[in-house]
Amino acid sequence: MFNFSFDKRMIYFIIGIMVLSTISKYIANPNAIFALLVSVPGVLIAITFHEFAHGYSAYKLGDNTAKNEGRLSLNPLDHLDPIGTLMLLLAGFGWGKPVHVNPTQYTRKISMEKGEAIVSLAGPATNIVLAFLLALIYGAMVKFSSETFLLSTVGSIVLLILNSAIAINIGLGVFNLIPLPPLDGSKIIMPLLPYNAKQWFRNNEQIFYIVFVVIWITGIASIMIAPPIHWISTGIMTLTKMIFGI
């Protein structure tokens, strides 16, 4: 649920510079191009399920907006944002086409604020769950496939795709938990803040957008999310190895 509320031209200009810089590195490194191609399935899966989860959770809370706009779908074409997808492929983090929701339609059993938090959390949580399920598939392949298959070209590529998909889902999930607009984390923390802090947060939202852009383009965001990505990745793979005894 990645939605900028200020002039997008600045964002696109920054993205353009980052993309050109990254592309030049890929051109100079054929192995990086292969890694890029291997990551495509993981990107499609991560973005599709992330955005679907937002729409589906809103629908379960009583909001039909996503359903009426055709977003309760697992068709990647319904969820891909060209720029966000390109960034996820080239930079390791990005976004999908924002799912529109109407919090006023949520069930009155919970507040709109809590409803927004639940809908926002659904995307990152789904990515983490997906990463674990993909890790189980990876572990099952390693455990039950023949050594001949695992060492074959097809087997090696399948394992690489799974490994990449696991990393991308964890990366997308953790990245969106950063508590700054326009990321999901900014809505997830809202019910936890005192009233005055909520008002200050809302009144200064534009400043937080700028802060986000700064930590994004300077690489600080990558540094911030590196530890939790490592912890989650290690935990998932450790659990997978325990389950399959590998």
Mind checking whether [X] and [Y] have side chains closer than 4.5 Å, heavy atoms only?
{"X": "F244", "Y": "L136", "answer": "yes"}
{"X": "V101", "Y": "H54", "answer": "no"}
{"X": "T65", "Y": "E69", "answer": "yes"}
{"X": "S164", "Y": "V38", "answer": "yes"}
{"X": "D184", "Y": "V119", "answer": "no"}
{"X": "N204", "Y": "I207", "answer": "yes"}
{"X": "P124", "Y": "I128", "answer": "no"}
{"X": "I170", "Y": "N127", "answer": "no"}

Geometric class of the Y56/Y59 ring pair [parallel <30°, tilted 30-60°, perpendicular >60°]: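 The arrangement is tilted - the two ring planes meet at 30° to 60°.
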Separation between CD1 of I166 and CD1 of I232, rounded to the nearest 0.5 Å: 13.0 Å
Rounded distance (nearest 0.5 Å) linking atom NZ of K97 with atom CG of D78: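 So the NZ of K97 and the CG of D78 are separated by 6.5 Å.
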For the backbone of [Y] and the side chain of [X], can you confirm whether one donor and one acceptor N or O come within less than 3.5 Å of each other?
{"X": "R71", "Y": "P98", "answer": "yes"}
{"X": "H79", "Y": "S73", "answer": "yes"}
{"X": "S186", "Y": "L183", "answer": "yes"}
{"X": "N169", "Y": "A165", "answer": "yes"}

Could you pull out the closest heavy-atom pair between [X] and [Y], with the gap in Å?
{"X": "V174", "Y": "P228", "value": "CG1-CG, 3.8 Å"}
{"X": "M237", "Y": "A135", "value": "SD-CB, 4.1 Å"}
{"X": "A46", "Y": "I168", "value": "CB-CG2, 3.8 Å"}
{"X": "F212", "Y": "P182", "value": "CD2-CD, 3.7 Å"}
{"X": "P41", "Y": "L37", "value": "CD-O, 3.7 Å"}
{"X": "L44", "Y": "P76", "value": "CD2-CB, 4.3 Å"}

Test side-chain contact (heavy atoms from CB on, under 4.5 Å) applied to M190 and K114, step by step: CA-CA 8 Å; M190 200 59 68; K114 289 182 180 178; over 6 Å; no
K198, NZ: over 12 other non-hydrogen atoms inside 6.0 angstrom: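 More than 12 heavy atoms, drawn from other residues, nucleotides or ligands, come within 6.0 Å of this atom.
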Single-linkage hydrophobic cluster, 4.5 Å side-chain cutoff, V158 and L133 together: yes
Joint hydrophobic cluster, L159 plus I236, side-chain heavy atoms closer than 4.5 Å: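 L159 clusters together with I236.
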Show me the donor-acceptor pairs within less than 3.5 Å that the side chains of residues 145-152 make with the rest of the protein, sequence neighbours left out.
| unit_1 | atom_1 | unit_2 | atom_2 | d |
| --- | --- | --- | --- | --- |
| S145 | OG | M141 | O | 2.9 |
| S146 | OG | F149 | N | 3.2 |
| S152 | OG | F149 | O | 2.5 |
| S152 | OG | G155 | N | 3.1 |

Under-4.0 Å salt bridge between K187 and E113: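 Salt bridge: no.
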Worked verdict on N68 versus H100 for side-chain hydrogen bond (donor to acceptor under 3.5 Å, both in side chains): CA-CA 10 Å; N68 295 337; H100 298 131; over 6 Å; no
Pairs satisfying side chain to side chain donor-acceptor pair (under 3.5 Å), at least one member in residues 101-112, at least two apart: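 Qualifying pairs: N102-T104.
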Pairs involving residues 178-207, ordered by first then second residue, that meet ring-ring contact (aromatic ring centres under 6.0 Å, His included) (sequence neighbours left out): W200-F208, F201-F208
